[in-house]
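Order of the sequence lines fixes the chain letters, A, B, ..., with proteins taken first and strands second; residue numbering starts at 1 for each chain. When reading the values below, keep in mind they use all heavy atoms of this one structure, side chains included, and skip hydrogens, waters and symmetry mates.
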Amino acid sequence: MNKIRKIYNTLLEHYGAQGWWPVTPIGGCSGEKDVIPVYGVTIKNEKQILEIIIGAILTQNTAWKNVEKAIIELNKKNLIDVNKLLIIKQEELAQTIKSSGYFNQKAKKLKNFAVFLKKYSIKKLKNMELNNARKLLLSINGIGPETADSILLYAFNKPIFVVDAYTKRIFSRIGFKEKTYDEFQALFMQNLEHDAKLFNGYHALIVELGKNICQKKPLCDKCAINNLCEKKIN
DNA sequence: CGCCAGGGCCTCA
DNA sequence: TGAGGCCATGGC
């Protein structure tokens, strides 16, 4: 068994399946009480898909907890809606998503993406071939490789591996020599069968490990894969 | 108080 | 193509 697969198996055994991406269960509502995005929700409508896209943009270099608050506010105002995003003033949108940080940039990105979705609907994107959809997403200002791949994998269930800061940190420490986003992505995609469920679960496990164990200051004695790691401390 | 989080764009060599 | 500055809140 290759090492990439071995690490996945070990993490899965240790943490169990993760159930990403967190989504508001009924696809968002404007009720009185807060509706919170949670893990393990089965995606069943376009509003939930749009919520994932919005979350992918809002979580750029930002703790998910802060994004969660912003999504709750967006749902309260019924803004998980392409037309509403087009109509709302950028300043008001920025205030609504304030908790997620970089709110001016992100408000612009959300409106920008809404314009894009007027031309290429969610339905069209969903039916598009993976690499064509990826190129299209990457051409949008505000959508870089990680956000594009998160959208493809988590919103559209397409088999592409998402690389994030955790992935680079963890696998560099383990001993892999890849440097760029594309190199890391190729590492995973060349060593795993191209299955959206597998890529989904693996990335989620990486985040779990990166958040709690393989932090900036790693807790190697608590790490489930420390026997596979070159940089193990102690 | 300082550090950092599920990046991406822009500028300048 | 690579390094560095910038964006900004909230949790710890």
### Message
Quick check: on DNA chain B, is the nucleotide nearest A:Gly142 upstream (toward 5') of the one nearest A:Thr59, or the reverse? Name the residue that is more 5'.
### Response
A:Thr59
Within this structure, what is the [atom1]-to-[atom2] distance between [X] and [N], rounded to whole angstrom?
X: A:Asp164; N: B:dC4; atom1: CG; atom2: P; result: 17 Å
X: A:Glu183; N: C:dT1; atom1: CD; atom2: P; result: 12 Å
X: A:Asn66; N: C:dT9; atom1: CG; atom2: P; result: 10 Å
X: A:Tyr102; N: C:dG5; atom1: OH; atom2: P; result: 14 Å
X: A:Ile151; N: B:dG8; atom1: CD1; atom2: C1'; result: 13 Å
X: A:Ile71; N: C:dT9; atom1: CD1; atom2: P; result: 18 Å
X: A:Phe103; N: B:dG8; atom1: CZ; atom2: P; result: 20 Å
X: A:Lys217; N: B:dC4; atom1: NZ; atom2: P; result: 11 Å

Using a 4.0 Å heavy-atom cut-off, does [X] contact any base of the nucleic acid, only the sugar-phosphate backbone, or nothing at all?
X: A:Lys65; value: nothing
X: A:Ile143; value: sugar-phosphate
X: A:Tyr39; value: base
X: A:Gln105; value: base

Any side-chain N or O of [X] below 4.0 angstrom from OP1/OP2 of [N]?
X: A:Arg169; N: B:dA5; answer: yes
X: A:Lys69; N: C:dG11; answer: yes
X: A:Ser100; N: C:dA8; answer: no
X: A:Asn104; N: C:dC6; answer: no

#### Entry: Nearest heavy-atom neighbours spanning A:Tyr154 and A:Ile52
O-CD1, 3.4 Å
Does the side chain of [X] pick up a donor-acceptor pair with the side chain of [Y] at under 3.5 Å?
X: A:Asp149; Y: A:Gln185; value: yes
X: A:Thr62; Y: A:Lys106; value: yes
X: A:Gln90; Y: A:Asn104; value: no
X: A:Lys118; Y: A:Asn83; value: yes

### Message
From C-beta outward on A:Asn141, which listed nucleotide comes closest to its side chain: B:dA5, B:dC10, B:dG7?
### Response
B:dC10
### Task
Taking only the side-chain heavy atoms of A:Lys216 (C-beta and beyond), determine which of C:dG10, B:dG8, B:dA5 contains the nearest atom.
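Selected nucleotide: B:dA5.
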Enumerate all atom pairs, one protein N or O and one N or O from nucleotides 2-4 of chain C, separated by less than 3.5 Å.
none

### Query
Taking only residues two or more places apart in sequence or in another chain, which ones pass side-chain contact (heavy atoms from CB on, under 4.5 Å) with A:Glu73?
A:Lys76, A:Thr96
#### Entry: Listed partners of A:Val115 passing side-chain contact (heavy atoms from CB on, under 4.5 Å), at least two apart
A:Leu86
### Summary
Sorted by chain and number, sequence neighbours left out, side chain to side chain donor-acceptor pair (under 3.5 Å) with A:Lys111 holds for none
#### Entry: Side-chain cluster (under 4.5 Å, hydrophobic types only) that A:Ile36 belongs to, other residues
A:Ile72
### Evaluation steps, salt bridge (Lys or Arg N to Asp or Glu O under 4.0 Å), between A:Glu68 and A:Lys65
CA-CA 5 Å; A:Glu68 191 178 276; A:Lys65 204 71 189 162; 3.4 Å; yes
### Task
Kindly express the pairing pattern of DNA chain C in dot-bracket notation, using | wherever a base pairs with another strand and counting only Watson-Crick or G-U pairs under 3.5 Å.
|||||||.||||
